Amino acid sequence: MNAVYDPHKVEADAQQFWHENESFRATESADGEKFYCLAMFPYPSGRLHMGHVRCYTLGDVINRYHRLKGFNVMQPMGWDAFGLPAENAAIKNDIPPAVWTKDNIAYMRSQMQRLGFGIDWSREFATCDPEYYHWEQWLFLRLYKKGLVYRKNSVVNWDPVDQTVLANEQVVDGRGWRSGAVVERREMAQWFLKITAYAEELLSELDEMDGWPESVKSMQRNWIGQSQGVEIDFAVQDSEQTLTVFTTRPDTLLGATYVAVAAEHPLAQIAAEQDSGVADFVAQCKQATTAEADMATMEKAGVATHLKVTHPLTGDLLPVWVANFVLMEYGSGAVMSVPGHDQRDWEFASKYGIPIVQVVEPTGDEACDIQVEAFTEHGRLVNSGEFDGLEFDAAFDAIADALAKRETGRRVTNYRLRDWGVSRQRYWGCPIPMIHCNDCGVVPVPEADLPVVLPTDVTFEGVSSPLKKMQDFLDVKCPGCGAAARRETDTFDTFMESSWYYARFASPDANTPMVDDRVNYWAPVDHYVGGIEHAILHLLYARFFYKLMRDEGLVESNEPFKRLLMLGMVLQNGKKMSKSAGDAGDPQKLLDKYGADTVRTAMMFAAPPDQSFEWSEAGLEGAARFIKKLYALVEDHTAGGTVPSLEVAQLRDDAKDLRRKTFETLMRADDDYGRRLQFNTVVSSVMELCNAISRFEPENASDRAVVDEALKHAVLIISPIAPHVAHHLWHRLGEAEALVTASWPEVDEQALTQSTVEIVVQVNGKVRGKIDVAADADKDEVLSLAKGADNVARHLDNKTIRKEIVVPNKLVNIVVG
RNA sequence: GCCCAGGUGGUGAAAUUGGUAGACACGCUGGUUUUAGGUACCAGUGAUAGAGAUAUCGUGUCGGUUCGAGUCCGACCCUGGGCACCA
């Protein structure tokens, strides 16, 4: 009787082997071209969910495939350990965030080990380790000296009851999720990184990044949002001030009938002081969240002020409105409004009875009635005095030149991208290394005093950051004057930590700043794997940070991630899995029941990596059956005793077919693993190969040799996906060396050749028959065979042949009339 | 609202360069083995009509290009992701 497949035994043995042999320990001196394989590190939320299983299995498949291909692979793992959920847990369960986080890491690490990921655990770290964030503080101070860090006011969500700043996620329908109070917009001084200084490079380099999906590059391009336009100054009446706006449509300038400013704009503040109606509106605008999606969908509203500005070309006075859709964060916080040629302005002007003037007409015969809707296409100028008759490009230039001549405007390249606000009014994050002194103002912590360590022995009273009450942390001498001063209590945005962790993995113990020379062996990451939800923010910040590190002389290349695989989401009830959506999709019970190989195989088989799908356990049984079947095939085969060497010349047709299937499978898997990154079809093609093996009935020694070859290939091809059972079966098939040291095999081209091929015969595009023809048959031969096929002949009867299309080795289409 | 994806049997999906739609699985139906259940194995399984051969229809909707469209083009509908403090 054959041994029964016991996944727990097989998996424990394989994992013990990898552990004892340090199979996944990466060194710079090993043979082979380096290959840095990285999946986005997780937030230690408590337990793995199926989204994690998918992401890290995909990473591990790429890792193990590249090992077979002879690369010197490094696959590290760490923890994105700072963040909001730890504080929520602390408030709810009275556990310090550091303790909660440490426990979660221990549990999740054990789950990852149970899944058999080929990770170099010697490189592990968590971003809450002072040895890690030390260097983040160090870089921040360097950037401060370079002028890439600055402080300015920006808007936050303020909960007036809990007296705390809320994340957008914590604002539900305009109210604080805990207190239920209506959230207010409040301005606070915050630290910013000048990512806009790198906007041009971040944009233009996308064109060279062949290893990234077009969709992601497109999202980043749109996010950076480069546009060519004109900055126009409007003089404020009875004032020394000017109001500057940016427009990409200077050709419509003569159609501007008002200007609109944000509620936080200085002019709005001035107007509010003098007009209670404006003050009411500005106050009303404060009762809103800071989320741009909400801003974009809310009802457009505004209020006229008594202020007027002078049109720079006509000298006409235009009214200044305060409008809720103008963002203070974007551009100058003011826009010129041309209701005739911008739909949002049109709707606003229609609502408030502001004049709508047509200054552009269509050049063709398109309909255009600006009483019905705005005409937003490019066209020919009218009602624009000396500029009448000019079309877009000429009008743009003429008006830009006219403004430049009067020194009331200038051509500029504008970006939608805004500087990165990195301050968070939270406890569980990396302390911002700054000191507030009454005399010296804001003073950076001296490099020698780093790291500023976050105290971890804390108790939460209410919801606000415990740092604000910790005298030991707060009290510090001013590095400038020595007087008593106060530490900054804000911490960094956690995107800071995730912007350079991939570089730290190359030299996780480096005490030279941030990273050491090993980074230039491993970086850039050759293959980065992660969820599509990170397509913009994380990846853009990480690219930015890498360039900052490059400009500090720390890394030599320009981009951190050569090739990018963006995973679709594993959905749960139609939404992405998250801590807030509950803890369903826990893989633990599946691992206990089926073992890691089955869970991994089911996950890979469920869908191609870039596709989102709803998690379901339905596929588990199929994956388990497949692995059992492969196991049984190997057991049956090896029970037959020794295998003779393969004599290709003597094979019967069935055996040749199985050999062809073996190498077709190998070729396809190589392409799917290496180029297409589609692993569900690797599983299905190995399933097909297994089905072919089990249908094949060996009659002699040669046949057994063919089966042996097919099984070894099947085991090797599936090994990146189901590595434990593959490790076991590899030895059962008589291999002395462990599978982790094996090489990806070569395709036997001769085995792929076929003497005849099946060709589909269509009549008028409909399949009417199939014919077998010699692979080297010429066109006439194929056509005559096609016409002779039974069902085809019937459809050609009494018809005139109009056209004959022959696609070699594939298809014939006969068009009749 | 804006940007990026996706929509194919009862279900997950395959179809890689415009060339056989539904590979491979799940489920279901029938059968063999089994005291039974489970397992394993065999057969069938897009819809409609037909005993069958076969025919017609069929890839979100509508329209177009082509000998030929799931694939290309245009318009629309729906679902998911992102929108700068969830990570």
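Computed from a predicted model, the values in this text were never measured in an experiment. Throughout, protein chains are lettered first and strands after them, A, B, ... in sequence-line order, and every chain is numbered starting at 1.
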Rounded to the nearest angstrom, tell me the gap between atom NZ in A:Lys629 and atom P in B:A40.
->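 Interatomic distance, NZ of A:Lys629 to P of B:A40: 10 Å.
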Does [X] place a side-chain N or O at less than 4.0 Å from the phosphate oxygens OP1/OP2 of [N]?
{"X": "A:Thr494", "N": "B:A87", "value": "yes"}
{"X": "A:Arg625", "N": "B:C24", "value": "no"}
{"X": "A:Gln611", "N": "B:A13", "value": "yes"}
{"X": "A:His795", "N": "B:U54", "value": "no"}
{"X": "A:Arg768", "N": "B:U54", "value": "no"}

Verify the ring-centre separation between A:Tyr133 and A:Phe492: is it less than 6.0 angstrom?
->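 They do not qualify: ring centres at least 6.0 Å apart.
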For this output row, return yes or no: ring centroids of A:Trp212 and A:Tyr528 closer than 6.0 angstrom.
->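 No, the ring centres sit 6.0 Å or more apart.
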Residue [X], side-chain heavy atoms: nucleotide from [options] that is nearest:
{"X": "A:Pro608", "options": "B:G68, B:U20, B:A13", "answer": "B:A13"}
{"X": "A:Asn691", "options": "B:U20, B:A14, B:C24", "answer": "B:C24"}
{"X": "A:Glu169", "options": "B:C86, B:A13, B:C85", "answer": "B:C86"}
{"X": "A:Thr297", "options": "B:C26, B:A14, B:G1", "answer": "B:G1"}
{"X": "A:Lys766", "options": "B:C24, B:U56, B:G19", "answer": "B:U56"}

Look at the rings of A:His538 and A:Phe561 and say which category their plane angle falls in: under 30° parallel, 30 to 60° tilted, over 60° perpendicular.
->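 Tilted: the ring planes of A:His538 and A:Phe561 meet at 30° to 60°.
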Aromatic ring pairing A:Phe679/A:Tyr673, orientation class (parallel under 30°, perpendicular over 60°, tilted between) =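 Taking A:Tyr673 first and then A:Phe679, their aromatic rings sit tilted (interplane angle of 30° to 60°).
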Using purine N1 to pyrimidine N3 plus N6-O4 or O6-N4 for Watson-Crick, or N1-O2 and O6-N3 for G-U wobble, each under 3.5 Å, what pairs with [N]?
{"N": "B:G50", "answer": "none"}
{"N": "B:G6", "answer": "B:C78"}
{"N": "B:U16", "answer": "none"}
{"N": "B:A25", "answer": "B:U11"}
{"N": "B:C72", "answer": "B:G64"}
{"N": "B:A84", "answer": "none"}
{"N": "B:C41", "answer": "B:G31"}

If the [atom1] atom of [N] is compared with that of [M], how far apart are they to the nearest Å?
{"N": "B:G30", "M": "B:U39", "atom1": "P", "answer": "16 Å"}
{"N": "B:U17", "M": "B:G12", "atom1": "P", "answer": "24 Å"}
{"N": "B:A21", "M": "B:G46", "atom1": "P", "answer": "14 Å"}
{"N": "B:A53", "M": "B:U61", "atom1": "C1'", "answer": "36 Å"}
{"N": "B:G70", "M": "B:G19", "atom1": "C1'", "answer": "13 Å"}
{"N": "B:G60", "M": "B:G6", "atom1": "C1'", "answer": "11 Å"}
{"N": "B:A25", "M": "B:U79", "atom1": "C1'", "answer": "25 Å"}
{"N": "B:G9", "M": "B:C62", "atom1": "P", "answer": "15 Å"}

Will you find, in the side chains of A:Tyr150 and A:Asp419, an N or O donor that is under 3.5 Å from an N or O acceptor?
->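 Indeed, the side chains of A:Tyr150 and A:Asp419 share at least one donor-acceptor pair under 3.5 Å.
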Look at all strands and tell whether A:Gln190 reaches a base, only sugar-phosphate, or nothing, counting heavy atoms closer than 4.0 Å.
->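 Counting heavy atoms under 4.0 Å across all strands, the contact made by A:Gln190 includes a base.
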What form does the base of B:G9 take, syn (within 90° of 0) or anti?
->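 B:G9: syn glycosidic orientation.
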Counterpart residues, side chain to side chain contact (heavy atoms under 4.5 Å, CB included), relative to A:Val335 (two or more places apart) |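 Side chain to side chain contact (heavy atoms under 4.5 Å, CB included) list for A:Val335, sorted by chain: A:Ala260, A:Val326, A:Ser337.
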